[in-house]
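Because the structure is a prediction, the values reported are computed rather than measured. One-based numbering, in listed order, for ligands and for the atoms of each.
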Amino acid sequence: MNIAVAQSGGPTCAINASLLGVFRHATKYEEIENVFGSVNGVEGLILDNFINLCDIILDDDDVELIRQTPSTVLGSCRYKLPNFKTDSSVYETIVENLKKHDISAFFYIGGNDSMDTVMKLDDYFKANNIDIKAIGIPKTIDNDLPITDHTPGFGSAAKYVATTMQEIIRDSSVYSSKSVTIVEIMGRDTGWLTASAALLRRNYEIAPHLIYLPEVPFSVEKFLKDVREAQEKYYAVVIAVSEGITLDPAEINDFQSGKSDNFGHKYLAGVGKALEKIVARELGCKVRSIELNVMQRCSSHLSSKRDITEAERIGGAAVKTALDGYSGRMMIYRRVSNHPYNMRIEHVDVREVANKVKYFPVEWINKLHNNVTEAAIEYCMPLIQGEQNFRMKNGLPQHYVLRTALPHHKREGKIE
Ligand code: F6P
């Protein structure tokens with residue numbers, strides 16, 4: 001038999017480690033002959049765009065480089081499958097292509113939307129008595145997948161956010177004049193990643209002085225009051241704000257593209273800039289906004305070793321799950337203890353996860369709605385531990401680039 005694996009959604013530092021987990025575990029089984037990588041997620045299944053990973057991951061050097069490379073070596077997509085009951089043509093094409101390559105298990109590494117794809121494929125396979133397994137492997141820096149304790153990719157992004165925040169704090173505190181620095185952090189619907197800025201407290205940092213998450217209402221008036229109060233104590237106020245907080249559209253529209261992806265999610269970004277303008281107008285002091293943007297997804301030089309190691313393990317466990325006969329499952333981490341940190345890998349029905357969101361617990365947000373509690377730090381701390389032994393070239397981090405897998409390679413059709 002052969003298997004296929006694909007990567008989907010926004011990049012992380014750990015998604016290639018999960019790919020390796022699938023590949024390295026699968027190659028231990030005699031019954032698995034080839035491990036195909038589908039280029040650009042499910043789009044590769046539709047366009048018959050596969051790369052045999054057995055032909056390109058040849059030695060420990062390849063493995064090491066792929067492990068330290070952020071983003072997706074196979075490319076990604078934000079492709080939404082239709083409901084097969086109303087339109088089954090794309091499913092028929094997928095099955096035709098999978099059968100052509102004798103693929104009897106498909107592993108999809110992704111977030112909430114990608115789990116929608118796993119669920120729909122599994123529903124279609126089961127409804128048509130097609131013996132192909134579909135298994136989801138979680139990933140997202142947003143950490144917003146239900147049931148799993150955390151998601152691969154989050155720990156590394158959290159480590160980057162806290163580290164970069166510390167550098168911003170040092171930089172912004174040099175002058176004796178008053179200033180406000182607003183750092184915008186990703187997290188479409190949830191505040192998990194923004195909350196990780198508070199991890200610096202464990203190293204006795206006081207800043208960021210204010211932290212705003214989308215789980216509680218945001219008011220500009222209250223924000224300005226918070227900033228004014230903070231400025232009475234600290235001349236250089238540093239603020240972490242989630243891209244997902246809701247501002248009056250009139251304030252933020254100018255800074256956003258107004259576009260959405262195929263799942264209908266708006267491309268967020270710009271809330272920091274909008275707040276910068278408001279602070280400049282209302283407080284009149286020096287103010288700067290910094291959008292961490294895509295750097296927080298791909299900064300593998302600051303990745304968490306624990307995150308990368310776990311991501312590889314969960315990929316391997318997914319292969320075992322399919323070989324044990326399961327389909328329509330998503331792999332999860334179950335935290336067993338915090339001191340010492342310990343977790344085990346299990347799997348749940350993907351329907352319990354697909355299109356659902358796990359919000360940052362409101363009880364971990366302080367009463368004033370402008371910071372997070374110790375419980376958030378306690379949760380996050382184990383996930384950022386350890387550093388990768390990073391391979392450098394010419395003084396720069398070395399990345400694995402699969403030239404043949406770049407988007408549109410071998411494409412005969414085009415997918416919008
Ligand atoms: O994958 C989640 C995420 O990184 C969000 O934090 C962010 O809002 C979104 O993806 C950005 O999407 P895209 O990669 O399509 O720009």
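- Of the N and O atoms on the side chains of D142 and T190, not one donor lies less than 3.5 Å from an acceptor on the other residue.
- The closest approach between any non-hydrogen atom of G111 and ligand 1 is not below 4.0 Å.
- Nearest heavy-atom pair across M165 and A197 is CE-CB, 3.9 Å.
- Comparing K139, Q296, R297 by heavy-atom distance to atom 14 (O) of ligand 1, the nearest is R297.
- A search for side-chain hydrogen bond (donor to acceptor under 3.5 Å, both in side chains) contacts involving Q398 returns nothing, not counting sequence neighbours.
- Every pair tested for salt bridge (Lys or Arg N to Asp or Glu O under 4.0 Å) that includes a residue from residues 83-96 fails, sequence neighbours excluded, so the list is empty.
- Residue E243 has at least one heavy-atom neighbour below 4.0 Å for each of these atoms of ligand 1: 5 (C), 6 (O), 7 (C), 8 (O).
- Counting the atoms of ligand 1 from 1 in the order shown, those under 4.0 Å from a heavy atom of M186 are 4 (O), 6 (O).
- Here is the list of ligand 1 atoms found below 4.0 Å of a heavy atom in G187: 6 (O).
- The pair R202-E374 meets the salt-bridge criterion, since a charged nitrogen lies less than 4.0 angstrom from a carboxylate oxygen.
- Interface atoms of ligand 1 facing G10, defined by a heavy-atom separation under 4.0 Å, are 1 (O).
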